[in-house]
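Residues take their numbers from the sequence shown, with the count starting at 1.
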Amino acid sequence: MMRPALAVGRRLGGLVVVFLGVTFLIYAMTFALPGDPIKALGGDRPLSDAVVRALRAEYHLDQPLWLQYLQYLGGLFRGDFGTDFSGQSVGEQMASRWPVTITLALTAWAMEIVLGIGLGALSALRRGTVLDKSVLVGTIVVGAVPVFVLGVALQLVFSVRLHWFPVAGATAGWPSAYVLPAFVVALFGLAAVSRLTRTSMIETLDADFVRTARAKGLAPGRIVGVHVMRNSLIPTATYLATDLGYLMGGTVIVEGIFNLPGVGNLLFQGIRSHEGAVVVGISTALILVFLVTSVLVDLLHAALDPRVRTGAAA
């Protein structure tokens with residue numbers, strides 16, 4: 001009984017260390033960028049030195065970096081993600097934009113599940129055929145194209161020329177405003193899911209228990225649908241659960257291309273305007289999402305694979 005508890009304790013301790021290390025690195029890099037955002041607030045009319053000093057003191061920019069970070073962590077534990085230079089709460093700004101990002105990420109995730117597993121299963125069942133080779137080549141090509149190139153190209157073809165989807169914005173609602181950007185987000189994960197499913201299914205199809213099931217005369221559909229898929233989708237399910245955290249953070253570029261008012265677009269705007277509080281606050285939220293997702297992945301893996309539970313209990 002103590003070993004699982006110790007394993008959980010070590011896992012949680014590691015997550016805390018990762019969270020502190022990554023957030024401090026992002027905080028240090030963000031506020032080490034060249035340029036003074038306080039002086040930039042005046043635009044063409046420079047602020048007086050007294051005003052600059054007052055604003056730097058208000059936002060704790062006159063203090064050592066480590067002390068600024070500790071004060072940020074103190075506010076974070078109270079649910080405060082900081083305030084931008086216009087006085088707006090970063091948490092409130094994110095709250096109004098999370099629905100767009102979550103909708104985009106879940107739509108992309110659903111595409112990965114349906115298309116990725118479907119293509120991978122077809123490739124495994126038709127290995128060596130033209131279909132199998134086409135899927136393999138397609139996934140390699142997709143992985144080699146940068147996401148911003150792919151996004152702009154699909155936007156030009158399907159939105160500007162064919163008028164199948166809105167060019168930008170989310171006013172059309174789901175699904176029309178989300179299908180194309182979600183497809184761009186999902187393509188890279190979809191390629192990985194299809195290859196992983198194919199490899200795992202081929203290994204399972206060659207397993208002894210599958211040959212035994214065939215020898216007993218079980219229907220091919222039952223063998224594939226019940227025995228093969230159940231055993232071969234464990235690594236795929238683990239990857240998909242992990243990838244959901246990546247999708248939440250991977251929408252930044254796509255939201256910028258399609259001008260979707262999500263958290264990623266807010267982060268993109270914060271980087272352009274040197275809003276350090278916005279950049280750090282959103283990055284912290286995305287890190288928390290990824291860490292929570294990683295814990296859920298461990299639990300999911302243990303639930304799907306009895307060998308993990310047996311090893312933890314031993």
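For the side chain to side chain contact (heavy atoms under 4.5 Å, CB included) test, residues two or more places apart in sequence or in another chain that qualify with Glu92 are Ser89.
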Worksheet entry | side-chain contact (heavy atoms from CB on, under 4.5 Å) evaluation trace for Thr107 with Leu104 | CA-CA 5 Å; Thr107 304; Leu104 178 61; 5.7 Å; no

Worksheet item: When you look at Leu122 and Val135, which way does the side-chain contact (heavy atoms from CB on, under 4.5 Å) test go after all the steps?
Response: CA-CA 9 Å; Leu122 288 176; Val135 172; over 6 Å; no

Practice prompt. List the steps, then state whether side-chain contact (heavy atoms from CB on, under 4.5 Å) holds for Thr284 with Ile26.
Written response: CA-CA 9 Å; Thr284 300; Ile26 292 175; over 6 Å; no

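Taking each heavy atom of Val167 and Phe258 in turn, the nearest pair found is O-CD2, 3.8 Å. Between Met111 and Ala186, the closest heavy-atom pair is CB-CB, 4.0 Å. Taking every heavy atom of both residues into account, Ala168 and Asn259 meet most closely at CB-CB, 3.9 Å. Nearest approach of Ala108 to Ala182, heavy atoms of both residues: CB-O, 3.4 Å. The nearest pair of heavy atoms linking Ile257 to Gln155 is O-NE2, 3.3 Å. Taking both residues in full, the closest heavy atoms of Gly91 and Phe81 are given as N-CB, 4.1 Å, listed atom of the first, atom of the second, then distance.
The closest donor-acceptor contact from the side chain of Thr101 to the backbone of Trp98 lies at 3.5 Å or more, if one exists at all. Using modelled atom types, one side-chain atom of Ser283 and one backbone atom of Val279 make a donor-acceptor pair closer than 3.5 Å. A donor-acceptor pair under 3.5 Å is formed between the side chain of Trp109 and the backbone N or O of Leu240. For Asp243 (side chain) and Tyr239 (main-chain N/O), no donor-acceptor pair under 3.5 Å exists by modelled atom type. The backbone N or O of Leu20 sits less than 3.5 Å from a side-chain atom of Thr23, completing a donor-acceptor pair.
The shortest distance between side-chain heavy atoms of Leu65 and Tyr27 falls below 4.5 Å. Between Leu70 and Trp66 there is a side-chain heavy-atom pair separated by less than 4.5 Å. Using a 4.5 Å heavy-atom threshold, the side chains of Pro166 and Thr171 count as separate. Taking the side chain as every heavy atom from C-beta outward, Leu205 and Leu125 approach each other to under 4.5 Å. Two residues are said to be in side-chain contact when any heavy atoms from C-beta on lie closer than 4.5 Å; Leu187 and Leu150 meet this criterion.
Residues Leu76 and Val17 do not share a hydrophobic cluster, clusters being chains of Ile/Leu/Val/Met/Phe/Trp/Tyr side chains in contact below 4.5 Å. In the hydrophobic clustering of this structure, Leu180 does not group with Leu156; members are Ile, Leu, Val, Met, Phe, Trp, Tyr whose side-chain heavy atoms approach within less than 4.5 Å, directly or through other members. A chain of hydrophobic side-chain contacts below 4.5 Å, direct or via other Ile, Leu, Val, Met, Phe, Trp or Tyr residues, connects Trp164 to Val185. Under the 4.5 Å side-chain contact rule for hydrophobic residues, Leu162 and Val160 do not share a cluster. By the criterion of side-chain heavy atoms lying less than 4.5 angstrom apart, applied directly or through intervening Ile, Leu, Val, Met, Phe, Trp or Tyr residues, Val142 is grouped together with Phe148 in one hydrophobic cluster.
In this structure, CG in Leu260 is found 13.5 Å from CG in Leu266, a value given to the nearest 0.5 Å. Phe165 contributes atom CZ, which lies 9.5 Å from atom CZ of Phe183 (distance to the nearest 0.5 angstrom). Note that the OG1 atom of Thr139 and the CZ atom of Arg198 stand 9.5 Å from one another [nearest 0.5 Å]. Taking OH of Tyr69 as the start and CG of Leu25 as the end, the distance is 10.0 Å to the nearest 0.5 Å. Here the straight-line distance linking atom CZ of Arg97 with atom CD of Glu255 works out to 8.5 Å at 0.5 Å rounding. Rounding to the nearest 0.5 Å places CD of Gln93 at 9.0 Å from OG1 of Thr83.
Through direct or relayed side-chain contacts under 4.5 Å between Ile, Leu, Val, Met, Phe, Trp and Tyr, Val130 connects to no other residue.
Contacts classified as salt bridge (Lys or Arg N to Asp or Glu O under 4.0 Å) and involving residues 110-129 (residues at least two apart or in different chains) are given here: Arg127-Asp206.
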